[in-house]
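Just so you know, these numbers use all the heavy atoms, side chains as well, and skip hydrogens, waters and symmetry mates. Per chain, numbering begins at 1; letters A, B, ... match sequence-line order.
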Amino acid sequence: MNLNIAFFGTSDRATPLLEALNGDPQLNLKLVVTKTDRKMGRHQKLKPTQVKEWAEKHNIAKFELKNQRDFQKKEKALLRELSKQRIDLIIVADFGFMVPETLIQTYKGKIINVHFSLLPKYRGANPVQAAIINGDKETGITFILMEEGLDSGPILHQIKHPLTKKETTGMLYKELFDLAAKRLPETVKKYANQELTPQQQDDSKAEIYYSPSHPKSTYIYKEDAKINWNETPQQIEQKIRAFNPWPIAWTTLEALEHNEKLEDLALREGVDASLRVKIFSAEVVEKEMAEAGSKKSKLIPKTIQVAGKKKTSWENFKNGYAKK
RNA sequence: CGCGGGGUGGAGGAGCGGUACCUCGUCAGGCUCAUAAUCUGAAGACCCCGGUUCGAAUCCGGGCCCCGCAA
């Protein structure tokens, strides 16, 4: 058996998958489809995605897309390229684009989507974040066949992964990508040998986590990372982990002052209370209340960063900013 | 050259033309059965190079580094 494979992906964490595909003697990675270079970073420099860099380094043909509209426009060209390369199977992982209909239909049953949740739970673009935000005990990976609906295709293989309630999105993505890379080649080959029977998803159990700021979208937005102090310390802490490494949960200095959810803090005079503060990590602590013997949970930040300053610990931050 | 903020003792911050201050830490000593508690004392700093000035951490020019927005 010898299969020609195309990989659709944009995530910088996708290299383990590329390595796994490329390293299997029965699989020929022939084409990589990814995003065009983007203006990135502090000086708006044009930078290629890591998927593209990897493809160039390994001398594998690449096909670049600027945005969704560009994808529609180039769909025919891509179809030609796919047939020219005699692609048997397409692997899609953390792609960031909706695959156009014609392509899905043309390659029906030949597109495998690597999705980072236990489908039908958390369909959409933010499955990893959603599992952390909801404080789930486990999540995982699902290999599905792509069809028109949003992550709704039949399941080929599913792998569970326990959660420790400590992981950030960045850490969990890495773990899941590594896990996916380990299982991807054999899953692909088994499917090609018809050893796997696709199982329909139970649509009645489907869950989708929508962006609070954009209720029709499953992407994460910067606004979502603004801390809502009406939530419980646990919820806030889960979001802090979910929004790391991007966009990073944030609030303002004035929101920290005399905040019920935190230990009491008064800012020293002269500091600009409107400055933004990023909270990279925090923990929830149960505190005995003075009387009554009741307990109340408090959020204790651990690593924070005031706009324009360096990342620092909560203790150091208090030494500099709190009134004594 | 996308917009903006900043580099002050070991850490985090004030000061923004004229004796360098605060919180934490460190060291010595006191008080303690004892201490991460408390008291007294001490060491230790203005990123680099030029310029303006009687005088610069503070103003100007250049360099290196860090960060927020934006993606």
query = Is A:Thr36 close to A:Leu65 at the side-chain level, that is, under 4.5 Å between some pair of heavy atoms?
reply = no

task = Kindly work out whether a path of hydrophobic side-chain contacts (I/L/V/M/F/W/Y, heavy atoms less than 4.5 Å apart) joins A:Ile111 to A:Leu79.
result = yes

key: A:Gly41 or A:Asn316, whichever maps to the more 5' nucleotide of RNA chain B   = A:Asn316

ask   = For atom C1', what is the distance between B:C69 and B:A57, given to the nearest Å?
value = 28 Å

message = Just verifying a value: how many Å separate A:Leu184 CG and A:Leu179 CG, rounded to the nearest 0.5 Å?
response = 11.0 Å

query = Regarding A:Ser217 and A:Ser211, is there a side-chain donor-to-acceptor distance under 3.5 Å anywhere?
reply = no

query = Taking only side-chain nitrogens and oxygens of A:Lys310, does any of them come within less than 4.0 Å of OP1 or OP2 of B:G12?
reply = no

request  = Quick one: label A:Lys278 by what it contacts on the DNA or RNA (base, sugar-phosphate, nothing), any heavy atom closer than 4.0 Å.
outcome  = sugar-phosphate

Whole-angstrom distance between B:G61 and B:C22, as gauged at atom C1' = 33 Å

query = Toward the 5' end of RNA chain B, which comes first, A:Arg38 or A:Gln305, by nearest nucleotide?
reply = A:Gln305

message = Between B:C65 and B:C59, how many Å separate the two P atoms, rounded to a whole number?
response = 23 Å

key: Whole-Å C1' distance, B:G9 and B:C21   = 12 Å

task = Please list residues of residues 267-277 of chain A whose heavy atoms come under 4.0 Å from any atom in RNA chain B, ordered by number; otherwise none.
result = A:Arg268, A:Arg276

task = Tell me what A:Trp246 touches on the nucleic acid: a base, only sugar-phosphate, or nothing, going by heavy atoms under 4.0 Å.
result = base

query = OP1 or OP2 of B:U23 sitting under 4.0 Å from any side-chain N/O of A:Lys323?
reply = no

key: Rounded P spacing from B:G50 to B:G68 in Å   = 32 Å

note = side chain to side chain donor-acceptor pair (under 3.5 Å) pairs touching residues 196-206 of chain A, sequence neighbours excluded, are A:Arg123-A:Gln201, A:Arg123-A:Asp203, A:Asp202-A:Ser204

ask   = What distance, rounded to whole Å, do you find between the two C1' atoms, one in B:G12 and one in B:G4?
value = 23 Å

query = Using the ring of each side chain (for Trp, its six-membered ring), is A:Phe8 parallel, tilted or perpendicular to A:Phe71, with breaks at 30° and 60°?
reply = perpendicular

ask   = Is A:Arg13 close enough and on-axis enough to A:Tyr173, meaning under 6.0 Å and within 45°, for cation-pi?
value = yes

query = Going by the angle between their ring planes, with limits at 30° and 60°, are A:Phe317 and A:Trp314 parallel, tilted or perpendicular?
reply = parallel

request  = Provide, to the nearest angstrom, the distance between the CD atom belonging to A:Glu223 and the P atom belonging to B:C69.
outcome  = 13 Å

ask   = Heavy-atom distance under 4.5 Å between the side chains of A:Ile5 and A:Ile90, does that happen here?
value = no

ask   = How far does the C1' atom of B:A45 sit from the matching atom of B:U26, given to the nearest Å?
value = 15 Å

task = For nucleotides 4-10 of chain B, just jot down a letter per nucleotide in 5' to 3' order: B, S or -, based on protein non-hydrogen atoms under 4.0 Å.
result = -B-----

key: B:A14 and B:C46, which share atom name C1', separated by this distance in whole Å   = 13 Å

